[in-house]
Amino acid sequence: MLVRFSAIIAVCVVMMGMLSSCSSGKRATAQPTQQEVAALKLVTRSYRVRGKRYVPMSALQALKHREEGVASYYECGGARGALGERLRSGEYYAAHKTLPMPCRVRITNLSNGKTCEARIADRGPFSHNRIIDVSRAVARKLDFMRKGVQKVRVEVVSVGDGPGRLKAE
């Protein structure tokens, strides 16, 4: 009961902040409070794969995150991702080693300029020299299905889900 009440209060605080920034016509530049960040149910615990330890970044670090590198595509065929959700064919999802989950990213194919948003719902890729794995639907939209890998830019759009999610500037 107390947890639910705290979550409702946190969402109200976030909504009040969004409404106040809308009324002035200016974009809010204030950083989210610790309570707002804590209210998000993010997966940020460290983990190990093949003896290497990965430490996901905080929500505030993720909101500023931007990187370029090689993307590859994968299809889980109904398997569960690191969030425990089923990753279904045709959905726009991706895997990243250190972004908090869930979060939304904008992925840009650097060879043709095509962009797509995807939800980080899994961990990976654990192949050398790759920064993100994307679902088949994302690879199709970015037009690199035949090639299999592509140089991309990844930019965080938002962290968390629902009305209380934090948006990047």
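From a predicted model like this one, the values you see are computed outputs, not experimental measurements.
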Do L99 and I132 make a side-chain contact, defined as non-hydrogen atoms from C-beta onward lying under 4.5 Å apart?
no
Separation of T115 OG1 from E155 CD (nearest 0.5 Å):
9.0 Å
Can you name the nearest heavy-atom pair linking V159 to P100, along with the distance?
CG1-CG, 4.1 Å
Starting at CG of L42, measure out to CG of L166 and round the result to the nearest 0.5 Å.
8.0 Å
Is there side-chain contact between R119 and D161, with heavy atoms separated by less than 4.5 Å?
yes
Roughly how far, to the nearest 0.5 Å, is the OG atom of S111 from the CG atom of L142?
9.5 Å
Listed partners of Y73 passing side chain to side chain donor-acceptor pair (under 3.5 Å), at least two apart:
none
Same cluster for I107 and L87 if Ile/Leu/Val/Met/Phe/Trp/Tyr side chains link at under 4.5 Å?
no
Should M57 and L60 be counted in the same cluster of Ile, Leu, Val, Met, Phe, Trp and Tyr side chains packed under 4.5 Å apart?
yes
Min side-chain heavy-atom separation I131-V152 under 4.5 Å:
yes
Heavy-atom closest contact (M101 atom, D122 atom, distance):
SD-N, 3.5 Å
Please find the pair of heavy atoms, one from A121 and one from E85, that lie closest to each other, and give the distance.
CB-OE1, 4.1 Å
Considering all heavy atoms, the nearest A94-A118 contact
CB-CB, 4.2 Å
Using the side chain to side chain donor-acceptor pair (under 3.5 Å) criterion, which residues pair with R53? Sequence neighbours excluded.
S46
With a 3.5 Å distance limit and no angle check, can you tell me whether N109 reaches the backbone of K114 through a side-chain donor-acceptor pair?
no
Considering residues at least two apart in sequence or located in another chain, which fulfil the side chain to side chain donor-acceptor pair (under 3.5 Å) criterion with E91?
none
Considering only heavy atoms from C-beta outward, does the side chain of Q150 approach that of V134 to under 4.5 Å?
no
List for me each residue that meets ring pair (Phe, Tyr, Trp, His ring centres under 6.0 Å) alongside Y92, sequence neighbours excluded, and say none if there are none.
none
Please report the shortest heavy-atom distance between R123 and Y47, naming the atom on each side.
CD-OH, 3.4 Å
Within the 4.5 Å heavy-atom criterion, are K97 and K52 side-chain neighbours or not?
no
Here the pair of heavy atoms bringing V70 nearest to V149 is CG1-CB, 3.9 Å
Taking ring pair (Phe, Tyr, Trp, His ring centres under 6.0 Å) as the definition, give me every residue that meets it alongside Y93, ordered by chain and number, with sequence neighbours left out.
Y74
With side chains defined as the heavy atoms from C-beta onward, is the minimum distance between E117 and V157 less than 4.5 Å?
yes
Would you give the length of the straight line joining atom NZ of K64 to atom OG of S58, rounded to the nearest 0.5 angstrom?
8.5 Å
Between CD on residue Q61 and OG1 on residue T98, distance to nearest 0.5 Å
9.0 Å
Identify, with sequence neighbours excluded, every residue that meets side-chain contact (heavy atoms from CB on, under 4.5 Å) alongside S158.
R104, R165, K167
